[in-house]
Amino acid sequence: MRYKVTFVVGLALGYVLGTRAGRERYEQLRKSARQLAQNPAVRNAAETAGQTGREYAGKAFTAVSHKVGDAVPDSFAGRVRSLRGRAGGGAGEDDWGTSNT
């Protein structure tokens, strides 16, 4: 209950401060966020993090599937196989259905 009250108080405080800052400050923050997102160093870092995450997810999938083996119910195993088969059909996509670009 205490965390809910803290969240609501934080939400109300953010709303009040946001309305006092006004549209001008909002536009300024939006412009700064857009410039940051378009920064080549930030884009490269995000892309590297995404590729690393996909690599670790693939390794985890392989490790779990080898350890679990036949213990997975057939209905679940069939569904995962069908999802992986459907996602791998597109050009430029990895096993998880995400773009490599």
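One is the number of the first residue; the rest follow in order along the sequence.
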Output the distance between atom OG1 (T6) and atom CG (L11), rounded to the nearest 0.5 Å. 12.5 Å
E47/R43 salt bridge by N-O under 4.0 Å criterion: no
Could you check whether atom CD of E27 has more than 12 heavy atoms from other residues, nucleotides or ligands sitting under 6.0 Å from it? yes
